[in-house]
Amino acid sequence: MGKSSSKATKVLPLIPLAPPLAVLPGTTLKIPITNRPDVAAILAKIYSISATAKPDAAITVACVPLCSNQLGRDGKLLIEEGAGKKGGKAKTVFEVDPVNATKKDIFAYGCVAKVSGVTGRRQGEVSLIVEGLERVQVVDVLQERPYFEGELKSVDEHIDVGNPEFAEQFNLLKQLSRELLALVRLSSMVPRAQMVSLSPIVARRLELYIARKELSEAGTLADFMANVVDCTHVEKLRVLASFDAKDRVDRVVEILKRQINSVYESTRISVTSNSVPSDSMRDRVGELIRRQQEQFRKGAIVGGNSMSPFGAPPGQNAQGEDETNELEELKRKLQDAKLPPDAEKVAQRDLQRLQKMNPAQAEYSVIRNYLETLAEIPWAKSTVDLLDGKTLTRAKKQLDDDHYGLDKIKKRLLEYLAVLKLKEQANKDIDEQIKALTKSTTPTEEKEEKEQASQDDKQVIVREPSEAELRLLEKKRMVDKSPILLLVGPPGTGKTSLAKSIATALGRKFHRISLGGVRDEAEIRGHRRTYVAAMPGLIVNGLKKVGVNNPVFLLDEIDKLGMANYNGDPSAAMLEVLDPEQNHTFTDHYLNVPVDLSKVLFIATANSLDTIPPPLLDRMETIQLSGYTTLEKRHIASRHLIPKQITTNGLHPENISIPTEVLDKIITSYTRESGVRNLEREIGSVCRFKAVEYATAKDNSTLSQYNPTVTLSDLDAILGIEKFTEELTEQHSKPGVVTGLVAYSTGGQGSILFIEIADMPGTGRVQLTGKLGDVLKESVEVALTWVKAHAFELGLTASEDEDMMKNRSIHVHCPSGAIPKDGPSAGLAHTIALVSLFSGKPVPPTLAMTGEVSLRGRVLPVGGIKEKLIGALRAGVDRVLLPDGNKKDVRDLPEEVLAGLRIEFVSSIWEGLAKVWPERWEGHGLHVESRL
Ligand SMILES: Nc1ncnc2c1ncn2[C@@H]1O[C@H](COP(=O)(O)OP(=O)(O)OP(=O)(O)O)[C@@H](O)[C@H]1O
């Protein structure tokens, strides 16, 4: 039983509190202080003193409630609660407000409180924050104005922990407190139960707080509960007046009992009320509450004799059914996930830790999240590959349906699939062999086998497989790893969509991981679990997302992966992912257990190989996608892009028609790219334009006037002025002007380029204009040197030792002056142009040429033949000279080009000259390599 011993008195300012305010020890309260001159005076006084006092000294006051007509100054009830009104409570009347209060209105009990601050900015909202420290008795009120000051006596609370009656009452207090808490949580789920909703975290914290209270803190718990429950002001004041802990616990137990009953009542009414249509949710909650009631009643009996805070072992009744269910669920999930042995060990260990842990602990949720992630990883789940007899035909059809052209790439992808199929079959066979070796015979199986054997008159020999045998088979299996494909090519060339088609053809799930801009190693490998908000990396997250262990992962933009920095080296993390020899034990930092990535089909894409670190590049098999030519673009557009855009823009194929010449114009004059993204965008604009026209015509009932065909003149209005102009062959020839060929580095397109050379009197100076790059400048120099060296032979000088350039200067220009040009491929054209200029013989304008020249007069192969020839045909060229070394490139040319151009090959400049001016040079210099 509680015993109290008096201490010396002290004098403190009093703050009278108007109902319903009351401060109990251990609680914090906001006291509105607008229109409270007494509080202002107290604060002024305190601050004038505290300016000289120690800065960290606590400012204390005593908060004392005002008396009511029900409760006397001494805390005795004047009128019984509930009297006066039948079945109801008597209305408590407080006659005075704190400003006009006098000595006799001051309640005899109060609470010393620490002033911890003032809140509120606007007038009328300013409040004083006080924290209740200890219960005191007001012995005497010493002054009334400008503020109350009183002599206070505090009492030392002594609790007799050995008193079984008190212990029992304390247990009941705990029991009821928890019960109320659980009820509030449950009943907040009942629609219209009009209960305060309590977040699970707050509820758990409160439970923990209650559970931790010892018998010696019984009074504190009573104060705390009196403050949180919904009790009347008079009840609160009576708790304040109870100096004896036992007395206080008794009072609070009474209040709690009443409160709990009223919750049961209210939920019963709301659950069973006929006025509100009952639904399953409400029924369920009602049932839960009823069960809760029974459980608590039982718990009260068990808990009554026990000193355990919950009357039951922790983790069962104490932590509530929720956690148990949660853990059961987690356990089941982990079982279903079929973890490999390593992960299983870790999961079991963590699960055990979790069971022993309090849910309110911060680490609890960390471990739970970890286990949930472990359970979500598809350790054993996989989709069945469509690797049957029709795989290759189906894959080919899929690739052909989705993509035009790209024959070489498609062929390589099909090879890849064929190998994958064979390997998978081989692996399956090995798996079966291993299974057959390790098959443990259970008694029934053994019996069956024996029966079978006796039937067949054969003997069954069950043999343990040797370690070496197994290892050998395992090893064989490991070797069967597919290479990782890297599709390299300019943007918009269909890398991503090719990878998607492969996934569709294989029947696997597809997941794209964008590596562009990944600067942090942890993004790939995850953060260690010790970090706040740690999570797995992109790879494990991808697996979680697709839910199977054999998806197709597209590692997009691998060339844009960040280099080593202070956050680690992301490309180094990718090494492990991409190495078929290592990735069956990929370790994510968060999981910290090996994950098998060997079944994942990785396809990487990049725009260029330059920025990919060599070790990473070494682990992948590169497949190059060059840009599309105009012809290919035309086909892609008419087969894929136009139908796609027509449906995207809500049209039907009969509502719009884009003729080939319009499409060609869009391709050549409005886009200049390797891929088809911009082309698709421009086609989209055209479709939208037509969609507006069609919709307007439909609305105005003038459909008969609507023309679905897009004309060339429409393009100007839809797409604006041409962005790129096309070069066309000249009509007239002139000495010194030759048609060259160019392939744009922006990809995919080629065109013709005029080489213009003019001479003038001078001192041998060579002027170059047209934004020529270094290599191009050098190729002009090589051409000039060759021509100068062979001037006599070419008939350009009268004698062998005459300098052709002695009295003249030349100017070499390549039009489209603003576009930078570079490369050696105009060497042949420069040489022929120089000979043409010096000999005064023009070159036919419909003859174009390309090729690098060496000082020895050889014509060397160059790149971009396909694009150049397509461009040449479009520009009106009918004959082209190509280096002998480029014969192989001509095989890939589209039919239209081969039919429209006369292609001639030359291996030396002499041959070139013979092709341009056959009448002069036929058969000349064929064996003369060089005179230099
Ligand atoms: N050969 C093709 N046939 C049909 N459509 C194609 C072809 N090539 C590209 N496309 C289309 O072009 C669009 C862009 O392709 P995709 O997104 O695959 O380009 P990407 O090469 O991955 O580009 P990036 O390097 O910018 O990621 C897609 O709509 C795709 O369907």
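Read the numbers this way: they start at 1 and go in the same order the structure lists the ligands and their atoms.
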Q: Please name all residues satisfying salt bridge (Lys or Arg N to Asp or Glu O under 4.0 Å) with Arg902, sequence neighbours left out, ordered by chain then number.
A: Glu904
Q: Please identify each residue that fulfils side chain to side chain donor-acceptor pair (under 3.5 Å) with Ser779, with sequence neighbours left out.
A: none
(Q) Could you tell me if Lys560 and Asn607 have a donor-acceptor pair between their side chains, going purely by distance under 3.5 Å? (A) yes
Q | Pairs touching residues 533-549 that satisfy salt bridge (Lys or Arg N to Asp or Glu O under 4.0 Å), sequence neighbours left out | A | Glu376-Lys544
Q) Got Leu498 and Leu399 here, is their nearest side-chain heavy-atom distance under 4.5 Å? A) yes
**Q.** Side-chain ion pair, Asp664 and Arg634, N-O less than 4.0 Å
**A.** yes
Q: Select all protein residues for which some heavy-atom-to-ligand 1 distance is less than 4.0 Å, and list them by chain and number.
A: Asp402, His403, Tyr404, Leu406, Pro491, Gly492, Thr493, Gly494, Lys495, Thr496, Ser497, Glu557, Asn607, Tyr628, Ile636, His640, Lys644, Val676, Arg677, Glu680
